[in-house]
Amino acid sequence: GVTRQPGSTFKILSAYAPALDSGKYTLATAVLDEPITYSSGQTVHNADGKYRGYTSIREAIQDSVNVVAIKTVEDITPKTGYEMVKKFGISTLTKDDIVESLPLGVGAVSNLELAAAFEVIPNGGKYREPVLYTKILDQDGNVLLDKTPKTHTVIKDSTAYLLTSAMEDVVKKGTGTACQLDNMTVAGKTGTTEDYNDLWFVGYTPYYTCAVWSGY
């Protein structure tokens, strides 16, 4: 399928999932949002151009704060972040993507793989391979083909619970308020790339997980 840069949706997969899962971070952990530079010397900017001072991980997810995500991935190491993204079933990254800017959406991903990655979270931390069929029968009811999705554990269910709580705030009062439903909770994460070439919302209700891309 077509692949696109995932933008800030990768903050969840590469920075916050591994940081919370390590036990070293909680949603209340405060990280100093301040001007910083990549090792290349380039300054890390937040989307709104502001720096907030000490910011909790919960707020950083809610408002998609770039500096906090970069600092988090630098702390746990880009290699750990990259390995976690692979565990989430993203197959399109290469070793060249083991960089500090990983949480801002390096590389390119397919809509299907990004949806399957986020489905891990409402699924209690377990990855389930996306399949387009489970069984094909002939007219007499004999099984011609069947497919059992492969599964593996990515994160602890407690980590999944925390990520859901923070991503509900994204939709309640953060960058994803346009995705609210009036009859049930929605959790999710927005992502954008330069000049809005890619615009993502990946999220879930108690019933479905969905990845929506629009862009140039």
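Computed from a predicted structure; not experimentally measured.
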> Can you name the nearest heavy-atom pair linking L112 to P130, along with the distance?
Replying inline: CD1-CB, 3.9 Å
>> Does atom OH (Y38) have a neighbourhood of more than 12 heavy atoms from anything else shown, all under 6.0 Å?
In response: yes
>> Between D33 and V68 (side chain of the first, backbone of the second, donor and acceptor by atom type, cut-off under 3.5 Å), is there such a pair?
In response: no
> Same cluster or not: are V44 and V31 linked, directly or through other Ile, Leu, Val, Met, Phe, Trp or Tyr residues, by side-chain heavy atoms under 4.5 angstrom apart?
Replying inline: no
>> If hydrophobic clusters are built from ILVMFWY residues whose side chains come within less than 4.5 Å, do V186 and F118 share one?
In response: no
> Are L181 and Y208 grouped together when hydrophobic residues (ILVMFWY) are joined by side-chain heavy atoms under 4.5 angstrom apart?
Replying inline: yes
>> Checking K71 against E100 for the salt bridge (Lys or Arg N to Asp or Glu O under 4.0 Å) test, could you report, in this order, the C-alpha distance in whole Å, the side-chain angles of both residues, the deciding distance, and whether it holds?
In response: CA-CA 8 Å; K71 279 189 166 185; E100 303 148 292; over 6 Å; no
> Any donor-acceptor pair under 3.5 Å linking the side chain of S101 with the backbone of L104?
Replying inline: no
> Should L114 and T9 be marked as a side-chain contact (heavy atoms from CB on, under 4.5 Å) after you check the CA-CA gap, both sets of side-chain angles, and the distance that decides it?
Replying inline: CA-CA 9 Å; L114 198 56; T9 62; 3.7 Å; yes
>> Please report the interatomic distance OG1(T29) to CG(L20), rounded to the nearest 0.5 Å.
In response: 7.5 Å
> Does a side-chain heavy-atom distance below 4.5 Å link K189 with W200?
Replying inline: no
> Looking just at side-chain N and O atoms, do T175 and Q62 make a donor-acceptor pair shorter than 3.5 Å?
Replying inline: no
>> Classify the ring geometry of H152 against Y127: parallel below 30°, tilted from 30° to 60°, perpendicular beyond 60°.
In response: parallel
>> Could you tell me if the side chain of V109 sits less than 4.5 Å from the side chain of T3, heavy atoms only?
In response: no
> Where is the tightest heavy-atom contact between P18 and G81, given as atom of each residue plus distance?
Replying inline: CG-CA, 4.5 Å
Only distances under 3.5 Å count here; give the side-chain donor-acceptor pairs of residues 139-150 to other protein atoms, sequence neighbours excluded, each with its distance to 0.1 Å.
from, atom 1, to, atom 2, distance (Å)
N142, ND2, D138, OD2, 3.2
K147, NZ, E129, OE2, 3.4

>> Rounded at 0.5 Å granularity, tell me how far CG in D63 sits from CG in N46.
In response: 9.5 Å
> Can you find a heavy atom in the side chain of I61 that is under 4.5 Å from one in the side chain of I57?
Replying inline: yes
>> Is it true that S56 and E59 share a donor-acceptor pair across their side chains at a distance under 3.5 Å?
In response: yes
> What heavy-atom pair brings G176 and T190 nearest, and what distance separates the two atoms?
Replying inline: CA-CG2, 3.9 Å
> Is there side-chain contact between V171 and F201, with at least one heavy-atom pair below 4.5 Å?
Replying inline: yes
> Are Q42 and T37 close enough, and set up right, to give a side-chain hydrogen bond (donor to acceptor under 3.5 Å, both in side chains), and what steps lead you there?
Replying inline: CA-CA 5 Å; Q42 185 190 354; T37 56; over 6 Å; no
>> Return the NZ to CZ distance between K126 and R128, rounded to the nearest 0.5 Å.
In response: 11.0 Å
>> Just verifying a value: how many Å separate Y54 OH and E34 CD, rounded to the nearest 0.5 Å?
In response: 7.5 Å
>> Any side-chain to backbone donor/acceptor pair from S14 onto F10? Under 3.5 Å, distance only.
In response: yes
>> Set out, in order, the CA-CA distance, both residues' side-chain angles and the distance that settles side-chain contact (heavy atoms from CB on, under 4.5 Å) for I12 and M167, then state yes or no.
In response: CA-CA 9 Å; I12 299 295; M167 286 195 284; 3.9 Å; yes
> So, does T159 use its side chain to make a donor-acceptor pair with the main chain of I155 at under 3.5 Å?
Replying inline: no
> Counting N and O atoms only, with roles assigned by atom type, does the side chain of Y16 sit under 3.5 Å from a partner on the main chain of A69, one being a donor and the other an acceptor?
Replying inline: yes
> Can you find a pair of side-chain heavy atoms, one from V212 and one from S214, that are under 4.5 Å apart?
Replying inline: no
>> Could you tell me if the side chain of P78 sits less than 4.5 Å from the side chain of I98, heavy atoms only?
In response: yes
> When clusters are formed by joining ILVMFWY residues with side-chain heavy atoms under 4.5 Å apart, either directly or through shared neighbours, do L13 and I70 land in the same one?
Replying inline: no
> Are any of the side-chain heavy atoms of L199 and W213 separated by less than 4.5 Å?
Replying inline: no
>> Take a 6.0 Å sphere around NZ of K156 and say whether it holds more than 12 heavy atoms from other residues, nucleotides or ligands.
In response: yes
>> If I compare all heavy atoms of A19 with all of T72, which pair ends up nearest, and what's the gap?
In response: CB-CG2, 3.6 Å
> Is there a donor-acceptor pair closer than 3.5 Å between any side-chain N or O of N66 and the backbone N or O of H45?
Replying inline: yes
> Within a reach of under 6.0 Å around OH of Y133, are more than 12 heavy atoms found that belong to other residues, nucleotides or ligands?
Replying inline: yes
>> What verdict does the salt bridge (Lys or Arg N to Asp or Glu O under 4.0 Å) test give for E83 and K79, after you've listed the backbone C-alpha separation in whole Å, the side-chain angles of each residue and the deciding distance to 0.1 Å?
In response: CA-CA 6 Å; E83 282 164 359; K79 187 168 188 294; 2.5 Å; yes
> Distance-only, no hydrogens or angles: does the T43 side chain make a donor-acceptor pair with backbone N or O of G41 under 3.5 Å?
Replying inline: no
> Do any N or O atoms from the side chain of D169 and from the backbone of R58 form a donor-acceptor pair under 3.5 angstrom?
Replying inline: no
> Taking a hydrophobic cluster as the set of Ile, Leu, Val, Met, Phe, Trp and Tyr residues connected by side-chain heavy atoms closer than 4.5 Å, whether directly or through intermediates, do V99 and V85 fall within one such cluster?
Replying inline: yes
> NZ of K86: more than 12 outside heavy atoms within 6.0 angstrom?
Replying inline: yes
> Does the side-chain contact (heavy atoms from CB on, under 4.5 Å) test come out yes or no for T185 and T205, once each step is laid out?
Replying inline: CA-CA 6 Å; T185 55; T205 69; over 6 Å; no
> Among pairs that include at least one residue of residues 9-25, which meet salt bridge (charged side-chain N to carboxylate O under 4.0 Å, His left out), considering only residues two or more places apart or in two chains?
Replying inline: K24-D75
> Do any N or O atoms from the side chain of D157 and from the backbone of G124 form a donor-acceptor pair under 3.5 angstrom?
Replying inline: no
> Heavy atoms, side chains only, cut-off 4.5 Å: are T164 and Y204 in contact?
Replying inline: yes
> If you take all heavy atoms of P6 and A108, which pair is closest and at what distance?
Replying inline: CD-CA, 4.4 Å
> Which value, rounded to the nearest 0.5 Å, describes the distance between Y25 atom OH and L162 atom CG?
Replying inline: 14.5 Å
>> Test your reading of the model: is there a side-chain donor-acceptor pair from T193 to the backbone of D198, 3.5 Å cut-off?
In response: yes
